[in-house]
Number of protein chains: 2
Amino acid sequence: MQRVKLDKIDRRILRDLQEDGRMTNVELARRAGISAPPCLRRVRALEETGFIQGYHADVDAQALGYNVTVFAMVGLASQAEHDLRAFEARAANWPEVRECHMVAGEMDFLLKIVSHSWDEYQKFLTTQLTVAENVNHVKSALSIRTAKNMPGVPIDIDAED
Amino acid sequence: MQRVKLDKIDRRILRDLQEDGRMTNVELARRAGISAPPCLRRVRALEETGFIQGYHADVDAQALGYNVTVFAMVGLASQAEHDLRAFEARAANWPEVRECHMVAGEMDFLLKIVSHSWDEYQKFLTTQLTVAENVNHVKSALSIRTAKNMPGVPIDIDAED
DNA sequence: AGTGAAATTGGTCGCCA
DNA sequence: TGGCGACCAATTTCACT
């Protein structure tokens with residue numbers, strides 16, 4: 001990743017685009033206090049240096065029938081690097097697994113999984129996850145309701161970094 | 001939420017916009033196999049009915065100095081609805097808490113928290129989270145590395161629903 | 001609800017300060 | 001770097017089907 005420092009204008013652009021990814025460049029420029037062309041150049045630079053990794057529509061999961069979100073805490077039998085990578089590769093290929101984090105502590109991986117129903121999740125659990133190679137134990141935490149779900153990170157315009 | 005059924009074109013639009021939120025309407029229309037105006041009408045309808053809840057730039061957290069992601073599993077002393085809501089309201093006001101899920105099982109809430117460093121997280125933990133009213137115990141799971149992080153849900157173009 | 005053309009707006013480039 | 005003007009592409013509205 002680039003070690004280039006961002007100025008206040010860059011941070012403002014990042015913050016605004018994180019909040020509204022479809023904001024027009026002219027509006028973005030207006031808020032940043034500069035004109036459109038340099039603003040667009042900054043956005044392109046932020047994209048090319050990887051500060052902005054992409055843009056995504058935030059789709060309502062429930063409206064699409066994904067009523068169930070489960071956090072699965074997975075323990076593996078072997079924590080050798082090769083085996084960890086193998087599990088990560090498997091997780092990457094399961095479409096219902098949206099996030100896969102390797103964590104420190106009692107478990108090895110924390111997965112965020114979406115499903116249409118508890119039954120469908122159980123089926124995934126029993127036919128895919130628990131029977132996968134090297135998987136030792138799985139503890140499922142069903143999300144009853146999501147009180148907060150903010151994408152991205154807090155961006156402070158006035159920062160030293 | 002609207003109980004309106006989506007056709008294949010709508011699902012295709014949702015899928016494409018979830019993958020690339022800045023795709024132009026003409027490109028979107030081209031992929032969906034219709035012309036631009038009706039495509040735009042569909043997008044607006046999807047936005048107004050809440051299927052699309054917004055658009056966000058995917059900002060690289062590490063590049064912005066957020067090197068630490070922690071999942072905090074929180075147990076409360078009282079699970080009365082009023083007390084649950086009070087905790088959710090508190091979580092909503094902590095900017096470093098990006099997600100707050102009420103879960104079934106041994107713990108009550110699962111929080112996804114971003115921080116610049118482990119020290120900063122510890123400070124948040126000891127001065128904000130553990131001392132908050134009704135909080136009984138907190139177990140922190142530090143994310144060592146993120147193997148997968150896909151926003152949204154899998155969208156199958158050919159579905160009955 | 002989709003099409004095609006028209007008008008308005010925004011994105012993008014070259015050049016200059 | 002940022003700003004200005006020009007051109008091109010995209011968005012958006014309208015009349016028609």
Side-chain angles (χ1 to χ4, degrees), chain A residues 1-60 63-64 152 155-161, chain B residues 1-60 63-65 155-161:
Chain A
M1 192 49 49
Q2 300 291 110
R3 303 266 100 253
V4 195
K5 287 190 188 299
L6 304 174
D7 59 14
K8 298 194 182 196
I9 296 179
D10 289 317
R11 277 194 291 269
R12 180 123 211 174
I13 289 172
L14 284 175
R15 188 162 72 70
D16 288 345
L17 279 180
Q18 185 176 261
E19 189 159 324
D20 177 8
R22 290 216 101 172
M23 186 177 292
T24 65
N25 184 56
V26 288
E27 173 68 6
L28 206 59
R30 199 188 57 73
R31 292 184 185 225
I34 57 177
S35 64
C39 183
L40 185 62
R41 266 179 286 173
R42 282 171 180 267
V43 172
R44 292 283 173 268
L46 290 169
E47 288 168 357
E48 272 154 36
T49 53
F51 281 95
I52 296 176
Q53 303 193 316
Y55 302 88
H56 305 281
D58 182 11
V59 173
D60 185 342
L64 274 154
I155 298 179
D156 184 16
I157 308 293
D158 306 306
E160 2 265 291
D161 180 45
Chain B
M1 191 50 49
Q2 300 292 109
R3 302 266 102 253
V4 196
K5 288 191 184 302
L6 303 174
D7 59 14
K8 298 194 182 197
I9 296 179
D10 289 318
R11 276 194 290 270
R12 189 144 214 328
I13 290 173
L14 282 175
R15 189 163 72 70
D16 288 345
L17 278 180
Q18 185 175 265
E19 188 157 327
D20 178 8
R22 288 215 101 171
M23 186 177 292
T24 65
N25 184 56
V26 288
E27 173 69 6
L28 208 57
R30 197 187 60 73
R31 294 185 184 222
I34 57 177
S35 62
C39 184
L40 185 62
R41 275 201 298 254
R42 282 170 180 268
V43 172
R44 294 282 175 267
L46 290 169
E47 289 167 356
E48 271 154 35
T49 53
F51 281 96
I52 296 177
Q53 303 193 315
Y55 303 88
H56 306 281
D58 182 10
V59 173
D60 186 341
L64 273 152
I155 297 180
D156 184 16
I157 308 293
D158 305 307
E160 5 263 289
D161 181 41

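Numbers restart at 1 for each chain; the letters A, B, ... are given by sequence-line order, proteins then strands.
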Exercise. Indicate, with a heavy-atom threshold strictly under 4.0 Å, whether A:S35 touches base, sugar-phosphate, or nothing.
Key: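 Here A:S35 touches the bases of the nucleic acid.
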
Quiz item: Counting any heavy atom closer than 4.0 Å, what does A:R22 reach on the DNA or RNA strands: base, sugar-phosphate only, or nothing?
Solution: nothing

Quiz item: How far, in whole Å, is D:dT12 from C:dT12 if one measures between their P atoms?
Solution: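 One P to the other, the span is 15 Å.
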
Practice problem: Using only heavy-atom distances, decide whether a donor-acceptor pair under 3.5 angstrom links the side-chain of A:R41 to the base of C:dG11. | Solution: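 There is none.
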
Quiz item: Can you check salt bridge (charged side-chain N to carboxylate O under 4.0 Å, His left out) on B:R42 and B:D7, steps first, answer last?
Solution: CA-CA 11 Å; B:R42 282 170 180 268; B:D7 59 14; 3.0 Å; yes

Rounded off to whole Å, could you give me the [atom1]-to-[atom2] distance for the [X] and [N] pair?
X	N	atom1	atom2	value
B:M23	C:dG10	CE	P	22 Å
B:R31	D:dA10	CZ	C1'	16 Å
A:I34	C:dA17	CD1	C1'	16 Å
A:I13	C:dG11	CD1	P	13 Å
B:R30	D:dA9	CZ	P	16 Å
B:N25	C:dT9	CG	P	18 Å

Can you tell me which nucleotide in [options] comes closest to the side chain of [X]?
X	options	result
A:R44	C:dT12, D:dA10, D:dG3	C:dT12
B:A36	D:dA10, C:dG10, D:dT12	D:dT12
B:L40	D:dT11, C:dG11, C:dT3	D:dT11
B:P37	C:dG10, D:dT11, C:dT3	C:dT3
B:R42	C:dA1, D:dG2, D:dC4	C:dA1

Self-check item: Under 3.5 Å: donor-acceptor pair, side chain of B:R22, backbone of A:M23
Solution: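 Judged by distance alone, yes, a pair lies under 3.5 Å.
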
Quiz item: Would you call B:R12 and B:I34 a side-chain contact if the rule is heavy atoms closer than 4.5 Å?
Solution: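 SC-SC contact between B:R12 and B:I34 ruled out.
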
Quiz item: Has B:E47 got more than 12 heavy atoms of other residues, nucleotides or ligands less than 6.0 Å from its CD?
Solution: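 Count over threshold, so yes.
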
Practice problem: Work out which heavy atom in B:I52 is nearest to a heavy atom in A:A57; give both atom names and the distance. | Solution: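 B:I52 and A:A57 have their closest heavy atoms at CG2-CB, 4.3 Å.
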
